[in-house]
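Working notes, beginning with the structure itself.
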Amino acid sequence: MRIDILTVVPELLASPLNESIIKRACDKGLAEIMVHNIRDWAEEKHRQVDDYPFGGEAGMVLKPEPVFRCIEELKGQRPYDEVIYTSPDGEVYNQQHANRLSTLENIIILCGHYKGLDHRIREHLITREISIGDYVLTGGELAAAVIADSIIRIIPGAIGDEASALTDSFQDGLLAPPVYTRPAEFNGWRVPDVLLSGNFAEIEKWRESQALARTRELRPDLLEE
Ligand code: ADE
């Protein structure tokens, strides 16, 4: 899949999407992330992308022209399934959204901007507004990185051991069970015996009961859903 991210601060996206699993998925050709600087579509001499809001509020608002030019150019090159805007006003993002987005071919993510963007962009270009939680960030770039990361890691082949993406917390509506590695005893604390038993049916039963118990204790709201 291809993800085009539009921002006025491309530097913020360079490192989170250029390391580890996401980088390897891109290197393998499973995903392509293109980060675009909206300023490159600003025509004015000073490459100005924002301006004072009508009505005299404080803060700067992203101008419509460079965003329309950029998105229309991209749409002329390939069809897009979604044009997402990252904003605290949006639908609160969860694993089901990530699962659905990971099945799409091409998406655009427009990063939110200080005081917001000209409402005509939201009315005429954006197909979905996403918030990554009920708190306010300085801009939508980190939210875009979170969304891109969560989508790409579940594309088949992105994680070496494919089963491990499916056993994540939330993938079946439950938190993941605890995991342990060597040594079997550390500081006098032993790994649960069942994990050392070699009895895979028992291990699976233990994992399921732990997932349920942890969800009941830490996130009972998930069970209500
Ligand atoms: N921009 C600022 N805050 C945000 C949030 N919580 N989610 C998505 N985009 C944002």
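All values below come from the heavy atoms of this structure, side chains included, with hydrogens, waters and symmetry mates left out. This is a predicted model, so every value here is computed, not measured. Here, residue 1 is the first one in the sequence, and each next residue gets the next number. Order of appearance sets the numbers: ligands from 1, and atoms from 1 within every ligand.
A donor-acceptor contact shorter than 3.5 Å links the side chain of Thr86 to the backbone of Gly112. Using a distance-only test at 3.5 Å, with no hydrogens or angles considered, no donor-acceptor pair links the side chain of Asp4 to the main chain of Ile108. Side-chain N or O atoms of Asn94 include one that pairs as donor or acceptor with a backbone N or O of His97 at under 3.5 Å. Side-chain atoms of Arg69 come within 3.5 Å of backbone N or O of Trp41 as a donor-acceptor pair. Put simply, the side chain of Ser131 never gets that close to the backbone of Asp89: no donor and acceptor are under 3.5 Å apart.
Counting heavy atoms closer than 4.0 Å to ligand 1, residue Pro88 contributes atoms from both its backbone and its side chain. Under 4.0 angstrom from ligand 1, the non-hydrogen atoms of Ile130 all belong to its backbone.
Not a single heavy atom of Gly90 sits closer than 4.0 Å to an atom of ligand 1. Not a single heavy atom of Gly112 sits under 4.0 Å from any atom of ligand 1.
Here the heavy atom of the protein found nearest to atom 6 (N) of ligand 1 is Tyr135 O, 2.8 Å. Scanning all protein heavy atoms for the shortest distance to atom 9 (N) of ligand 1 gives Ser87 N, 3.2 Å. Scanning the protein heavy atoms around atom 7 (N) of ligand 1, the nearest turns out to be Ile132 N, 3.0 Å.
Here's the thing with Leu137: one of its N/O atoms is less than 3.5 angstrom from an N/O atom of ligand 1.
Listed by atom number, the atoms of ligand 1 under 4.0 Å from Val136 heavy atoms are 3 (N). Of all atoms in ligand 1, numbered sequentially from 1 with element shown, those under 4.0 Å from a heavy atom of Ala143 are 8 (C), 9 (N).
Checked for salt-bridge contact, Glu202 and Lys205 meet the test: a charged N lies under 4.0 Å from a carboxylate O. Note on Lys115 versus Asp50: no salt bridge recorded, every NZ/NE/NH1/NH2 to OD/OE distance being 4.0 Å or above.
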